[in-house]
Amino acid sequence: MKRITIQTMLSVVFASVFAQADMPCFHIGTVKEFDGHYYAQSAKTMIFEEAYNLSKDTNAYLAVPNTKEENAFLSSMIDIGSNAFIGVADLSYTNNYCFENKQCSYDDARFRDINNEPLSFKNWEDKQPDNRAKNNDNGIDKDKGEHFVILSSSSKKWSDVSSTAKYKALFEFETMPSCFNADNSGSSLDTENNNTSGGGSDEEELGTPQGSQDANNDGWNSDGSCGGQIYIFNGKDNRCKSWDRFGGLAGGGCCDKDKVFLGLVSCSEGEKKLAKDNRDRKCVEVGEYCSKRKRFIGCIQRRKSFCCFNSKLARIFHEQGRPQIGMGWGSSEAPQCRGFTPEEFQKLDFSEIDLSEFVADLMGRINANDISSKFSADSLKIKDKVQGNLNNISK
């Protein structure tokens, strides 16, 4: 792997100022504006060097949070429960690494932004950056330790990671990419893949098949005995077309529940059901990706992915419970919507789960704050009951 140096980084930053080409839109998700600049998350995971190279010769560069507000905005663009690369790195490959959190210095002076300037804002996780090396590292300077930085969507904090770690990346643009129009629907030209080689179909389906990552709740046999894996609050992968170049879909397409209910767009029955579940707040949006690409044209269709559950309560437990145990949502191309295993469910701190939204729905005009404490106590009873059932199963 070619080593990225400070000099190389500076030359690319300088070149990007004069670059004319936009980054092809199939590489990125929805573009959002903040304080006069435009931002997008990459469509797929990659190592830092790939993310860095992707911005070469284009008008994009890896985003650098310069304020608390910008940092919070960037974290909101990351897939829920995931992390993404930002434009902060230790390109001197400082070798003050430690092994398995032993004798770590947690010194962040080695990190600078992509312009090789000192950081004007920092937001590190506890005991980060640690420059931790694995015990089996081969001793190659650029691979030993952790020299690149990711931002967490849940904590909004930073951590250092190794050169082989793969995450999506956050890109910043001075102007709106020209392949996105005013309503933010992509219309990209994939110059990278404009080749005339024969073979293969003109259209390529991207992403995993919908539902292929779902888990079946097969824990109970017909006689009531435990025969497999139990999943609590199990979910399902649901997707909708947010944009179709040739299908007349733009401005959210079949992912805009209001348009679906008004009959303004032609959508599948599955997309109509997803719109209803979104209206009932049973779903969590995982992300958006290019779902179909055509040779010589580029991305011609985009989809959004959601994890949907059979109740609002289940969605609340997943939104607030997953970050507690480090359980992510997968990616927009391959959502991970399974429920909690009994072991994971037991690890949840029920006192930290805010049920006021669920309580308000149940009680209508009764003040939810007055009774939320009662539901917190009931939650603990639920957890005790689950534990009791698990103990009975193990006997």
Side-chain angles (χ1 to χ4, degrees), residues 25-26 29-32 41 43 76-77 79-81 180-188 203-217 231-294 299-319 322 329-339 357-358 360-362 364:
C25 279
F26 71 85
T30 301
V31 177
K32 295 183 179 180
Q41 180 181 237
S76 72
M77 297 196 65
D79 294 341
I80 296 174
F180 277 79
N181 59 31
D183 65 1
N184 204 30
S185 60
S187 176
S188 61
E203 291 186 359
E204 179 185 7
E205 297 282 348
L206 306 176
T208 59
Q210 180 175 326
S212 62
Q213 308 295 310
D214 288 347
N216 292 321
N217 197 346
Y231 291 104
I232 301 169
F233 293 141
N234 203 19
K236 296 294 182 183
D237 168 11
N238 285 257
R239 306 185 198 182
C240 52
K241 295 187 295 292
S242 56
W243 172 77
D244 192 308
R245 184 171 186 176
F246 302 116
L249 289 180
C254 291
C255 300
D256 186 325
K257 59 182 183 296
D258 295 328
K259 290 182 178 179
V260 174
F261 291 135
L262 291 172
L264 300 179
V265 286
S266 177
C267 305
S268 69
E269 290 303 312
E271 289 169 322
K272 292 176 183 177
K273 182 180 181 301
L274 173 58
K276 181 179 182 300
D277 286 343
N278 267 322
R279 181 191 62 188
D280 296 338
R281 299 182 59 79
K282 294 180 181 179
C283 303
V284 174
E285 182 178 339
V286 179
E288 186 179 26
Y289 68 103
C290 176
S291 55
K292 187 180 290 186
R293 187 165 57 201
K294 191 176 182 65
C299 187
I300 60 172
Q301 185 185 91
R302 301 185 70 83
R303 288 181 180 269
K304 285 188 177 182
S305 301
F306 296 82
C307 284
C308 294
F309 306 92
N310 61 5
S311 68
K312 181 182 292 187
L313 180 63
R315 189 264 301 167
I316 292 171
F317 264 85
H318 274 276
E319 276 189 330
R322 287 188 179 221
W329 294 93
S331 65
S332 53
E333 300 92 336
Q336 299 290 334
C337 302
R338 69 165 178 81
E357 179 186 354
F358 175 67
D361 279 356
L362 285 181

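Positions are given from 1 along the sequence. The figures that follow rest on heavy atoms only: side chains count, while hydrogens, waters and symmetry mates do not.
- Nearest approach of E205 to S291, heavy atoms of both residues: OE1-O, 3.4 Å.
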- Task: Starting from the C-alpha separation in whole Å, work towards a yes-or-no answer on side-chain contact (heavy atoms from CB on, under 4.5 Å) for W243 and C299.
- Result: CA-CA 10 Å; W243 172 77; C299 187; 4.2 Å; yes
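- Formation of a donor-acceptor pair under 3.5 Å by the H318 side chain with backbone atoms of W329 is not found in this model.
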- Query: Would K294 and R245 satisfy side-chain contact (heavy atoms from CB on, under 4.5 Å), going step by step from the backbone distance to the final call?
  - Reply: CA-CA 11 Å; K294 191 176 182 65; R245 184 171 186 176; over 6 Å; no
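- Heavy atoms only, all atoms of each residue included: R322 and R338 are closest at NH2-O, 3.0 Å.
- Heavy-atom neighbours of K312 NZ from other residues, nucleotides or ligands within 6.0 Å: above the threshold of 12.
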- Item | Worked check of disulfide bond (SG atoms under 2.5 Å apart) between C267 and C240 | CA-CA 8 Å; C267 305; C240 52; over 6 Å; no
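- A donor-acceptor distance shorter than 3.5 angstrom exists from the side chain of E271 to the backbone of K241, with no hydrogens or angles considered.
- Using modelled atom types, one finds a donor on one side chain and an acceptor on the other under 3.5 Å when comparing Q41 with D79.
- To the nearest 0.5 Å, atom OG of residue S76 and atom NZ of residue K32 are 5.5 Å apart.
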- Evaluate the criterion disulfide bond (SG atoms under 2.5 Å apart) for residue pair C337 and C307; output intermediate values, then yes/no. CA-CA 5 Å; C337 302; C307 284; 2.0 Å; yes
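- Taken from CG in N278 to CZ in F306, the straight-line distance is 4.5 Å, to the nearest 0.5 Å.
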- Run the numbers on R315 and V284 for side-chain contact (heavy atoms from CB on, under 4.5 Å), then give the verdict. CA-CA 7 Å; R315 189 264 301 167; V284 174; 3.6 Å; yes
- Item | Verdict with reasoning, L206 to E333, per side-chain contact (heavy atoms from CB on, under 4.5 Å) | CA-CA 8 Å; L206 306 176; E333 300 92 336; over 6 Å; no
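- The SG atom of C254 lies 12.0 Å from the NZ atom of K304; values are rounded to the nearest 0.5 Å.
- No donor-acceptor distance shorter than 3.5 angstrom exists from the side chain of D237 to the backbone of D214, with no hydrogens or angles considered.
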